[in-house]
**Q** 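A single structure is presented below for examination.
So that the names make sense, note that chain A is the first sequence line, chain B the second, and so on, each numbered from 1.
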Amino acid sequence: MSNIISTLQNAVAQAVGQIYSEATDPAKVQINTTPPDFTGDYSVVVFPFVKIAKKAPDAAAAEIGDYLQKNVPEVKSFNVVKGFLNLEISDVYWQNFLQSVVTNPGFGRQPRNGRKVMVEYSSPNTNKPLHLGHIRNILLGWSCAQILEAVGCEVVKTQIVNDRGVAICKSMLSWEKWGDGKTPESAGIKPDHFVGDWYVLFEQKSKEAYEAWQQSDEAKRIFETNKKANQAEKEFFREFKNKWFNEHSALGAEVREMLLKWEAHEPATMALWNKMNNWVYEGFEQTYKDLGVSFDRLYHESDTYLLGKDIVEEGLAKGVFFKKDDGSVWVDLTDAGYDQKVVLRADGTSVYITQDLGTAQMRHKELGCERYVYVVADEQNYHFQVLFEILRRLGEPYAKGLHHLSYGLVELPTGRMKTREGTVVDADDLVAEVIRLAAEQASERGEIEGVSPQEKQENLRKVGMGALKFFIVKVHPKRKMIFNPEESVDLQGQTGPYIQYSYVRINGLMQRVEKENVDVSKAGAYTGIQTQEKELLVALHDFPNVIQKAAEEYDPSLIANFCYDLAKKYHRFWHDLSIFNADTAEAKAFRLQLSRSVGQVLKSGMELLGIEMPNRM
RNA sequence: GGUCCCGUAGCUCAACGGAUAGAGCAACUGCCUUCUAAGCAGUAGGUUACAGGUUCGAGCCCUGUCGGGAUCACCA
């Protein structure tokens with residue numbers, strides 16, 4: 001069944017061609033939904049045609065409207081207000097449309113189109129558990145993957161684990177020195193948190209050592225000789241911290257030693273590294289499971305950190321890179337508005353971007369995707385611009401399919417999350433908290449009959465997670481978002497549970513239809529569609545377009561807003577009109593079918609956001 | 001300082017260049033004898049940071065200004 005929008009676009013273009021003898025691109029014809037205060041379902045913007053028509057907007061609108069009414073069977077009537085042509089679509093069209101939705105559970109989704117896309121949406125470090133920032137990253141990425149699948153792409157969901165380097169060595173060293181052989185099991189702590197605790201302890205010990213060192217004569221001497229004019233001691237030492245760690249700290253020396261042993265594959269170090277990383281993976285797995293996400297392919301930095309050196313050779317041969325006297329290799333991107341950038345150190349070791357170049361190439365060989373989407377916070381915008389620019393210059397065949405899905409940082413009402421100040425919101429804590437609050441509010445509301453304890457718990461989990469996920473995913477990715485923990489667990493208003501509740505209402509109706517064996521075949525005979533019903537139909541009709549747009553823009557918030565809007569309209573419909581007790585059998589059947597469609601679309605839309613629907617609440 | 005992003009109701013967020021800028025939260029007021037009130041309806045709240053420009057029409061596009069953030073490492 002064809003889309004009414006494109007039908008109207010074509011017809012308007014045809015009308016303009018016939019009446020004014022001027023060709024118009026149908027795709028450029030603007031069709032909007034008519035605002036509630038006016039009569040009509042869709043409105044044609046006729047201003048672009050007034051020049052062609054050489055008439056006043058109202059006159060042109062009337063002529064086009066007249067043509068549409070005569071030539072397009074779906075157009076029942078029209079009216080003209082201030083140059084806007086409002087069209088009313090026939091009930092027959094809406095009846096057919098409703099029927100087509102009811103009989104098509106996959107409404108809104110496209111068949112497979114043969115396009116393969118990779119979405120990398122998690123890249124955690126293995127020294128600490130996941131936090132709120134990771135949650136936004138993960139939810140955005142997961143949702144985009146679902147949306148891309150819905151428009152027909154084959155999606156490969158990947159994770160790249162930063163499992164090596166200084167950070168994990170700190171945790172390792174800390175556990176080795178002070179861990180006393182404890183394990184997550186013996187300590188009764190979730191394994192990734194266990195590892196994170198040793199990292200925190202390391203930082204603490206290091207901080208204490210640094211403060212003690214600052215009292216030494218050596219420190220005073222360094223301060224006096226190196227301080228900037230008028231620089232306070234406190235500020236100087238804050239800036240000096242990294243240098244101190246690298247050049248003066250005993251712990252720092254030990255960490256570097258451990259890193260070297262790791263690079264040399266020293267067996268004991270490798271064993272320790274494996275042990276601790278496996279603890280972390282075990283913990284991550286639980287968190288991912290709680291968040292309801294999964295990956296098709298895992299990459300480890302320990303496997304990829306040496307990649308990219310061939311590319312450097314290749315780039316040198318192609319003249320994209322150049323070598324400096326000291327032997328370091330650079331790329332000059334100043335003509336593209338960027339800087340010069342090192343791609344290989346003088347000693348031949350890689351830098352961050354070298355590794356990313358290598359990984360991109362390796363992954364393309366392996367996966368052969370058309371597009372590669374990296375879901376990474378916007379602090380790395382520059383890095384990805386540079387990375388993509390280099391790959392373009394190298395003539396990599398997939399270069400034009402690279403996309404950085406950049407999202408704004410998550411802040412608390414009190415400002416940025418800071419590890420040092422302990423304001424980081426832990427992912428597991430947050431998940432537990434939203435479910436606890438859902439349970440609390442449910443119990444205030446009283447028991448629901450006929451629900452088993454397991455089912456009840458399952459529904460509470462869905463409601464709690466629905467609140468959390470919707471709160472995060474409803475915000476446009478690009479915007480930095482303020483995360484207010486209290487608001488995130490709200491269950492009323494513009495929230496996940498509000499949408500779930502409309503679904504639960506529908507679910508209740510459908511169960512009754514089943515039980516009472518209601519005959520809905522008379523739905524098609526219903527006449528006189530009400531505005532509350534029409535609103536729903538128009539909204540439903542837009543679902544495929546919204547998915548399409550969300551896919552094009554990598555923007556799940558469009559789906560979230562769509563679902564909220566549809567749920568809101570359904571609640572109004574529910575309140576204003578009787579469904580089971582409708583005046584006629586036709587109205588009852590129609591409203592039940594309409595409800596079924598709404599439920600189906602809401603479920604399908606929320607699924608694209610990674611949000612599940614409870615049966616009861 | 002260069003580059004990029006963001007400034008919309010007290011707060012959190014919407015609005016393919018289209019009609020009178022919309023929701024939720026918070027505040028106040030109504031609506032459960034009737035399909036689940038996690039709902040519905042109403043009141044109040046705005047010079048869309050500011051100044052210009054482009055056009056039939058600008059929150060959206062262009063220029064400038066002011067605020068906020070990110071980034072400009074041989075760190076990752």
**Q** On RNA chain B, compare the nucleotides closest to A:Gln441 and A:Arg512; which residue's is nearer the 5' end?
**A** A:Arg512
**Q** Starting at atom CG of A:Asp565, determine the distance to atom P of B:rG24, rounded to an integer number of angstrom.
**A** 12 Å
**Q** By side-chain contact (heavy atoms from CB on, under 4.5 Å), which residues pair with A:Asn545, not counting sequence neighbours?
**A** A:Asn3, A:Asp542
**Q** Can you see whether A:Asp356 engages A:His383 through a side-chain donor-acceptor pair at a distance of less than 3.5 angstrom?
**A** yes
**Q** Base, sugar-phosphate alone, or nothing: which one does A:Arg445 contact when heavy atoms must sit under 4.0 Å apart?
**A** base
**Q** Looking for any heavy atom pair under 4.0 Å, which part of the strands does A:Val463 touch: base, sugar-phosphate only, or nothing?
**A** base
**Q** For B:rG17 and B:rU43, measure between their P atoms and round to the nearest Å.
**A** 31 Å
**Q** If you find the nucleotide of RNA chain B closest to A:Ser557 and the one closest to A:Ala567, which residue's nucleotide is nearer the 5' end?
**A** A:Ser557
**Q** For A:Ala585, which residues count as a side-chain contact (heavy atoms from CB on, under 4.5 Å) partner, sequence neighbours excluded?
**A** A:Lys522
**Q** For A:Met481 and B:rC13, give me the distance from atom CE to atom C1', rounded to whole Å.
**A** 10 Å
**Q** Going 5' to 3' along nucleotides 68-75 of chain B, which nucleotides have protein heavy atoms under 4.0 Å from the base (write B), which only from the sugar-phosphate (write S), and which from neither (write -)?
**A** S-SSS-BS
**Q** Check nucleotides 17-19 of chain B against the protein and report each pair of N or O atoms closer than 3.5 Å, with its distance, or say if there are none.
**A**
from   : atom 1 : to      : atom 2 : distance (Å)
B:rG18 : N7     : A:Gln30 : OE1    : 3.0
B:rA19 : N6     : A:Ser43 : OG     : 2.7
B:rA19 : N6     : A:Asn86 : OD1    : 3.1
B:rA19 : N1     : A:Asn86 : OD1    : 3.3

**Q** Roughly how many Å is it from CD in A:Gln500 to P in B:rA38, rounded to a whole number?
**A** 14 Å
**Q** Any base atoms under 4.0 Å from A:Leu577, or only sugar-phosphate, or nothing? Heavy atoms, all strands.
**A** base
**Q** Does B:rU12 have OP1 or OP2 under 4.0 Å away from a side-chain N or O of A:Tyr564?
**A** no
**Q** If you measure from the C1' atom in B:rC13 to the same atom in B:rG59, how many Å do you get, rounded?
**A** 14 Å
**Q** With C1' as the reference atom in both, quote the distance from B:rU3 to B:rA9 in angstrom, rounded to an integer.
**A** 33 Å
**Q** Quick one: is A:Lys568 getting a side-chain N or O under 4.0 Å of the B:rG22 phosphate, OP1 or OP2?
**A** no
**Q** When the C1' atoms of B:rA58 and B:rG18 are compared, how many Å lie between them, rounded to an integer?
**A** 10 Å
**Q** If only side-chain N and O atoms of A:Arg572 are considered, is one of them under 4.0 Å from the OP1 or OP2 phosphate oxygen of B:rA41?
**A** yes
**Q** Provide the distance between the two C1' atoms, one in B:rG45 and one in B:rG22, to the nearest whole Å.
**A** 13 Å
**Q** RNA chain B in dot-bracket, Watson-Crick or G-U pairs under 3.5 Å, [ ] crossing, | other strand?
**A** (((((((..((((....[...)))).(((((.......))))).....(((((..]....))))))))))))....
**Q** Can you find a side-chain donor-acceptor pair between A:Ser171 and A:Asn127 that sits under 3.5 Å?
**A** no
**Q** When rounded to the nearest 0.5 angstrom, what is the spacing between CE in A:Met481 and CD in A:Glu411?
**A** 10.5 Å
**Q** Between A:Tyr407 and A:Asn137, do the side chains contain a donor N or O and an acceptor N or O under 3.5 Å apart?
**A** yes
**Q** Tell me: NE2 of A:His404 to C1' of B:rC4, nearest whole Å?
**A** 12 Å
**Q** Got a sec, which residues hit side-chain contact (heavy atoms from CB on, under 4.5 Å) with A:Glu301, two or more places apart in sequence or on another chain?
**A** A:Asn162, A:Asp163, A:Arg164, A:Thr304, A:Tyr305, A:Gln355
**Q** Quote, to the nearest angstrom, the C1' distance that separates B:rA23 from B:rU65.
**A** 32 Å
**Q** Give me syn or anti for B:rC32, where syn covers glycosidic angles within 90 degrees of 0.
**A** syn
**Q** Considering only residues two or more places apart or on different chains, which pairs with a residue in residues 36-64 of chain A satisfy salt bridge (charged side-chain N to carboxylate O under 4.0 Å, His left out)?
**A** A:Asp41-A:Lys534, A:Lys55-A:Glu63
**Q** Please determine whether a side-chain nitrogen or oxygen atom of A:Arg479 lies at a distance below 4.0 Å from atom OP1 or OP2 of B:rA14.
**A** yes
**Q** When the distance from CE of A:Met617 to P of B:rA37 is rounded to whole Å, what number comes out?
**A** 12 Å
**Q** Tell me what A:Ile579 touches on the nucleic acid: a base, only sugar-phosphate, or nothing, going by heavy atoms under 4.0 Å.
**A** base
**Q** Whole Å only: how far is the CG atom of A:Leu405 from the C1' atom of B:rC5?
**A** 15 Å
**Q** Could you pull out the protein-nucleic contacts involving nucleotides 25-34 of chain B (nitrogen or oxygen on both sides, under 3.5 Å)?
**A**
none

**Q** Would you confirm whether the ring centroid of A:Tyr374 sits within less than 6.0 angstrom of the ring centroid of A:Phe384?
**A** yes
**Q** Which side chain to side chain donor-acceptor pair (under 3.5 Å) pairs, counting each pair once, include a residue from residues 559-582 of chain A, with sequence neighbours left out?
**A** A:Arg505-A:His571, A:Gln532-A:Asp576, A:Asp565-A:Lys569, A:Tyr570-A:Ser595
**Q** Looking only at side-chain N and O atoms, does A:Arg591 come under 4.0 Å of OP1 or OP2 in B:rC35?
**A** no
**Q** Please confirm whether the ring centroid of A:His404 lies under 6.0 Å from the ring centroid of A:Phe388.
**A** no
**Q** Could you list the donor-acceptor pairs under 3.5 angstrom formed by side chains in residues 435-444 of chain A, with sequence neighbours left out?
**A**
from     : atom 1 : to       : atom 2 : distance (Å)
A:Arg436 : NE     : A:Glu433 : OE1    : 3.2
A:Arg436 : NH1    : A:Glu440 : OE1    : 2.9
A:Arg436 : NH2    : A:Glu433 : OE2    : 3.2
A:Ser443 : OG     : A:Glu440 : O      : 2.8

**Q** Looking only at the side chain of A:Leu491 (C-beta and beyond, no hydrogens), which of the listed nucleotides B:rU12, B:rC6, B:rA38 gets closest?
**A** B:rA38
**Q** Has the side chain of A:Arg479 got a donor or acceptor atom that lies under 3.5 Å from a matching backbone atom of A:Gly408?
**A** no
**Q** If you measure only the distance, is there a donor-acceptor pair under 3.5 Å linking the side chains of A:Asn32 and A:Ser43?
**A** no
**Q** Once you round it to whole Å, what is the distance between C1' of B:rU12 and CZ of A:Phe471?
**A** 6 Å
**Q** Give A:Val50 one of three labels, base, sugar-phosphate or nothing, depending on what nucleic acid heavy atoms sit under 4.0 Å from its own.
**A** nothing
**Q** In whole angstrom, give me the gap between the C1' atoms of B:rA21 and B:rG46.
**A** 9 Å
**Q** Any ring-ring contact (aromatic ring centres under 6.0 Å, His included) pairs touching residues 471-493 of chain A, not counting sequence neighbours?
**A** A:Phe471-A:Phe483
**Q** Without hydrogens or angle criteria, can the side chains of A:Asp339 and A:Tyr382 be said to hold a donor-acceptor pair below 3.5 Å?
**A** yes
**Q** On a whole-Å scale, what distance lies between the C1' atoms belonging to B:rU29 and B:rU12?
**A** 24 Å
**Q** Using atom CG of A:Leu333 as one end and atom P of B:rU3 as the other, report the distance to the nearest whole Å.
**A** 17 Å
**Q** Please list, chain by chain and in numerical order, all residues satisfying salt bridge (charged side-chain N to carboxylate O under 4.0 Å, His left out) with A:Asp347, sequence neighbours excluded.
**A** none
